[in-house]
Amino acid sequence: MRPILKTGNRAHAMEDINSLIKIRIDKINEIREVLKINPYPYTYNASHISSEIIDDYEKLFASQETVSLAGRVMAVRDMGKAAFLSILDRGGRMQIYISNKNLNEQDYKLFEKIDMGDIIGARGVVKKTKVGEITVFASELTMLTKSIRPLPVVKEKDGVTFDLFSDKELRYRNRPVDLIVTPGVKETFQKRLMIIKNIKGILDGKNFLEVETPILQPIYGGAAASPFTTHHNALDIQLFMRISPEPYLKRLIVGGFDRVYEMGKCFRNEGIDRTHNPEFTILEIYQAYADYEVMMNLTEELITDTCMKVNGSLETEFSGKKIDFKKPWQRLKMADALKEFAGMDIESMSDDEIEKKLKSHGGEVKGGYVRGLAIDSLFKILVEEKLIQPVFITHHPVETTPLCKPDFSDERYLQRFELFINGTEFANGYSESNDPLFQRKTLYEQSLRRDIDDEAPPMDENFIQAIETGMPPTGGLGIGIDRLVMILTGEVSIRDVLFFPTMKPE
RNA sequence: GAGGCGCUAGCUCAGUCGGUAGAGCAACUGCCUUUUAAGCAGUGGGUCCAGGGUUCGAUUCCCUGGCGCCUCACCA
């Protein structure tokens, strides 16, 4: 079934028109009919953006050349025969001086129809006002887009913001307005883009290839999570939204792309909270002939380099805690972490003791006791939240994942690491499993758990066949990009680093 | 999934011990030729989230529901 435009849309839109909007529509009509101006023209050539005018002020003032710029009107201070506009463009804010002495009659009449929120073009010379603010003294005004929906009025003086657009629900549901009026929001997203660009730059510099793999998959895997399901009409088959790009990236390693990465959306059909959004961005990297130690070093490099580029320092603050990214980060075996933070010598404990301990802390293993899963669960309950500074937890019990190689020195544990910062997981990496017989066995066993654990993925025969073809020894790494952006920008909620977080319909 | 809190004008918020409501900003009308949270005077603007109950009367009290935020649980 194709989505059909609801017939009620138009009626609803009409209802929505309140008196403030009506007044602005009247102004559009006057602009069109009286001033004979199109309030929605097609182009405008601006010579400068705000920041360039400020940077080049001395030169522009000396030459008194005419500059032009385009932006959104954020404030109108009208004093009768003179007025000041603040307009906002890509480079920031610029003040425009309006006077009927400098403007022709038509443009002055147009000025009288300008509201906060309109997008205009202004041409004029650059001077400082009496109070020393760099200002474009307008000799020509152009209406570029008449806005009919009023913006929230946010004011600011001496760094103090007044009447902030603070209703989070409205902000997330109406992000364009939020981006326009809420200080700092745009900057957070600019930082997000810088972080992503920097990480890709480092990887590109190391000859990793950025690839794209299917988001719609007939069989999902690579993590334990509930998928979103969808349906392909022509093939009449069920498809799943990927929960991880891992299985396809490994197929590419088998195919000879021996350094690949993908940064993209994954989808998990789980609850929503401060650190979880149903769709989120993951970075996965695979490097042939490398092991988990190489991937740990790469993790350190990616994050410290990016932190330095974005924040100019390796120290940041996150919800009141100082985080120090200085290398090298501590590396701690999970068993040792349990010893250090929970006072438990897990290796000397019997299954009975472990199970009791887990129960006493309100934990359980889905589908019945398994020693390794119980240890992992104890770690989560007792240790995770205590890991504030960056630390690699290594050597998880073999039962925690079927996709990782056991450590040759002690096969009860994996060559795996997870990076924890501020009590949450940021990265996860392995020496990837490439023994086809072992892989078939562990994935089969995992698929059997589906009866008792609805998050266990199904058997993926096609993937096993790829591993049977022969995957070189490979190190793999996954980093949660949204959470990384959170810690590097100091945002406590994932919704504040996503342009459009998932919301229930109103 | 559980608990707490919130939802009143375009925005930010008061308020009504139950008698259908107010401020600031925004808007509108005046005044004002260097302002910057511009200022001064005046005017208009509300399904008080929705539904039900109690009541002569509910925006207010009670119940149910919706949406959001926070905390917890869940979460490779």
Side-chain angles (χ1 to χ4, degrees), chain A residues 15-24 26-27 74-86 93 95-102 115-117 127-133 135 137 148-174 177 181-182 221-226 243-244 246 268-278 280 282 362-364 366 373 376-377 379-381 384 396 399-404 414 416 418 424-425 427-430 446 453 455-457 478 480 492-493 495 501 503-506:
Chain A
E15 270 170 36
D16 226 23
I17 296 182
N18 59 36
S19 61
L20 295 176
I21 290 182
K22 270 191 192 127
I23 288 164
R24 291 184 174 213
D26 289 344
K27 288 180 185 172
M74 299 304 289
V76 182
R77 294 181 288 277
D78 187 355
M79 282 148 308
K81 298 199 175 62
F84 292 91
L85 303 178
S86 261
R93 287 200 183 213
Q95 178 165 268
I96 312 292
Y97 177 73
I98 305 287
S99 159
N100 57 358
K101 272 195 336 203
N102 303 337
D115 288 299
M116 218 173 56
K127 292 187 229 174
K128 278 187 182 167
T129 60
K130 222 157 58 174
V131 234
E133 179 160 348
T135 300
F137 283 64
I148 61 169
R149 188 170 291 273
L151 288 173
V153 185
V154 178
K155 297 194 173 184
E156 188 244 298
K157 189 191 187 181
D158 302 332
V160 186
T161 308
F162 300 85
D163 297 330
L164 198 65
F165 183 45
S166 57
D167 185 320
K168 287 196 179 180
E169 176 172 5
L170 292 180
R171 288 183 47 213
Y172 299 142
R173 288 191 196 282
N174 198 350
V177 167
V181 304
T182 309
S226 304
I243 58 172
S244 154
E246 174 161 356
R268 296 187 186 175
N269 209 336
E270 294 165 355
I272 297 177
D273 66 24
R274 215 160 29 131
T275 55
H276 294 81
N277 195 67
F280 61 102
I282 207 167
E364 57 157 355
K366 252 189 219 172
L373 296 181
D376 189 51
S377 183
F379 169 81
K380 281 191 175 134
I381 294 168
E384 258 188 34
H396 302 57
E399 297 95 330
T400 59
T401 171
L403 295 165
C404 180
L414 296 166
R416 174 182 181 187
E418 284 181 299
T424 43
E425 184 202 335
N428 182 22
Y430 321 140
Q446 178 182 250
D453 180 355
E455 294 195 334
V492 182
S493 169
R495 296 182 198 96
M503 303 284 282
K504 264 202 194 187
E506 285 172 277

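Letters A, B, ... mirror the listed sequences (proteins, then strands); counts begin at 1.
The side chain to side chain contact (heavy atoms under 4.5 Å, CB included) test applied to A:Leu20 returns A:Asn18, A:Pro150, not counting sequence neighbours. Taking the side chain to side chain donor-acceptor pair (under 3.5 Å) definition, one finds that A:Gln95 meets it with A:Arg77, A:Thr135, sequence neighbours left out. Every side chain to side chain contact (heavy atoms under 4.5 Å, CB included) that A:Lys127 has, sequence neighbours left out, goes to A:Phe61, A:Gln64, A:Val125, A:Phe137.
Here the C1' atom of nucleotide B:A76 and the CZ atom of A:Phe280 are 10 Å apart, to the nearest Å. Between the NZ atom of A:Lys504 and the P atom of B:G65 there is a distance of 12 Å, rounded to whole Å. B:C74 atom P lies 19 Å from atom CG of A:Asn269, rounded to whole Å. Following rounding to the nearest Å, A:Arg171 (CZ) and B:G68 (C1') show an atom-to-atom distance of 13 Å. Regarding A:Lys22, its NZ atom lies at a distance of 14 Å from the C1' atom of B:A27, rounded to whole Å. When the C1' atom of B:G68 is taken as reference, atom CZ of A:Arg495 falls 9 Å away, rounded to whole Å. Rounded to an integer number of Å, the gap from A:Glu270 CD to B:A73 C1' is 13 Å. Atom CD1 of A:Ile381 and atom C1' of B:C74 are 12 Å apart (whole Å).
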Quick tally for nucleotides 2-14 of chain B: nucleotides whose base has a protein heavy atom under 4.0 Å get B, sugar-phosphate-only ones S, the rest -, giving --------BSSS-
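To the nearest whole angstrom, the two P atoms, one in B:G18 and one in B:C11, are 28 Å apart. Rounded to the nearest Å, the gap between the P atom of B:U20 and that of B:A2 is 38 Å. A distance of about 46 Å separates the P atoms of B:G30 and B:C67, rounded to the whole Å. Nucleotides B:U54 and B:G44, compared at atom P, are 38 Å apart to the nearest Å. Taking atom C1' on both B:C69 and B:C31, the two are 45 Å apart, rounded to the nearest angstrom. Comparing B:G68 with B:C61, their C1' atoms are spaced 24 Å from each other, to the whole Å. Taking atom P on both nucleotides, B:G4 is separated from B:G65 by 13 Å, rounded to a whole Å. A distance of about 16 Å separates the C1' atoms of B:G10 and B:C48, rounded to the whole Å.
Using a 4.0 Å heavy-atom cutoff across all strands shown, A:Met503 reaches sugar-phosphate atoms only and no base atom. Residue contacts for A:Arg24: at a heavy-atom cut-off of 4.0 Å it reaches no nucleic acid atom on any strand shown. Counting any heavy atom pair closer than 4.0 Å across all strands shown, A:Asp273 reaches a base atom.
The shortest heavy-atom contact between A:Met116 and A:Ala75 is CG-N, 3.9 Å. Residues A:Leu151 and A:Gly117 share a closest heavy-atom pair of CD1-CA, 3.7 Å. Across every non-hydrogen atom of A:Pro457 and A:Gly221, the tightest pair is CB-CA, 4.0 Å. Taking all atoms of both residues into account, the shortest heavy-atom contact from A:Ala223 to A:Arg268 is CB-NH2, 3.4 Å. What you find for A:Phe165 and A:Val154 is that their closest heavy atoms are N-CG2, 3.7 Å. The heavy-atom pair separating A:Arg24 from A:Ile148 by the smallest distance is CD-O, 3.5 Å.
Mapping A:Val492 and A:Pro402 onto RNA chain B via the closest heavy atom, the residue that lands nearer the 5' end is A:Val492.
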For A:Asp78 and A:Phe84, run side-chain contact (heavy atoms from CB on, under 4.5 Å): C-alpha distance rounded to whole Å, both residues' side-chain angles, the deciding distance at 0.1 Å, then the answer.
CA-CA 6 Å; A:Asp78 187 355; A:Phe84 292 91; over 6 Å; no
Salt bridge (charged side-chain N to carboxylate O under 4.0 Å, His left out) evaluation trace for A:Asp115 with A:Lys27:
CA-CA 10 Å; A:Asp115 288 299; A:Lys27 288 180 185 172; 2.8 Å; yes
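The base of B:A76 sits with one of its N or O atoms less than 3.5 Å from a complementary donor or acceptor on the side chain of A:Gln446.
Using a 4.0 Å cut-off between a side-chain N of Lys or Arg and a carboxylate O of Asp or Glu, A:Arg171 and A:Asp167 do not qualify as a salt bridge.
For A:Lys155 and B:A26, the shortest distance from a side-chain N or O to OP1 or OP2 is below 4.0 Å. For B:C74, the OP1/OP2 oxygens have no side-chain nitrogen or oxygen of A:Lys380 closer than 4.0 Å.
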Nucleotide-level pairing of RNA chain B, given in dot-bracket where Watson-Crick and G-U pairs need both distances under 3.5 Å and | marks other strands:
(((((((..((((.....[..)))).(((((.......))))).....(((((..]....))))))))))))....
Enumerate all atom pairs, one protein N or O and one N or O from nucleotides 30-36 of chain B, separated by less than 3.5 Å.
residue	atom	partner	partner atom	Å
B:C32	N3	A:Gly80	N	3.3
B:C32	N4	A:Gly80	N	3.1
B:U34	O2'	A:Lys130	NZ	3.1
B:U34	O2	A:Lys130	N	2.9
B:U35	O2	A:Arg77	NE	2.7
B:U35	O2	A:Arg77	NH2	3.4
B:U35	O2	A:Gln95	OE1	3.4
B:U35	N3	A:Gln95	OE1	2.9
B:U35	N3	A:Gln95	NE2	3.0
B:U35	O4	A:Gln95	NE2	2.7
B:U35	O4	A:Thr129	OG1	2.7
B:U36	O4'	A:Arg77	NE	3.1
B:U36	O2	A:Glu133	OE1	2.9
B:U36	N3	A:Glu133	OE1	2.6

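Defined by atom type and a distance below 3.5 Å, a donor-acceptor pair is missing between the side-chain atoms of A:Arg416 and A:Thr401.
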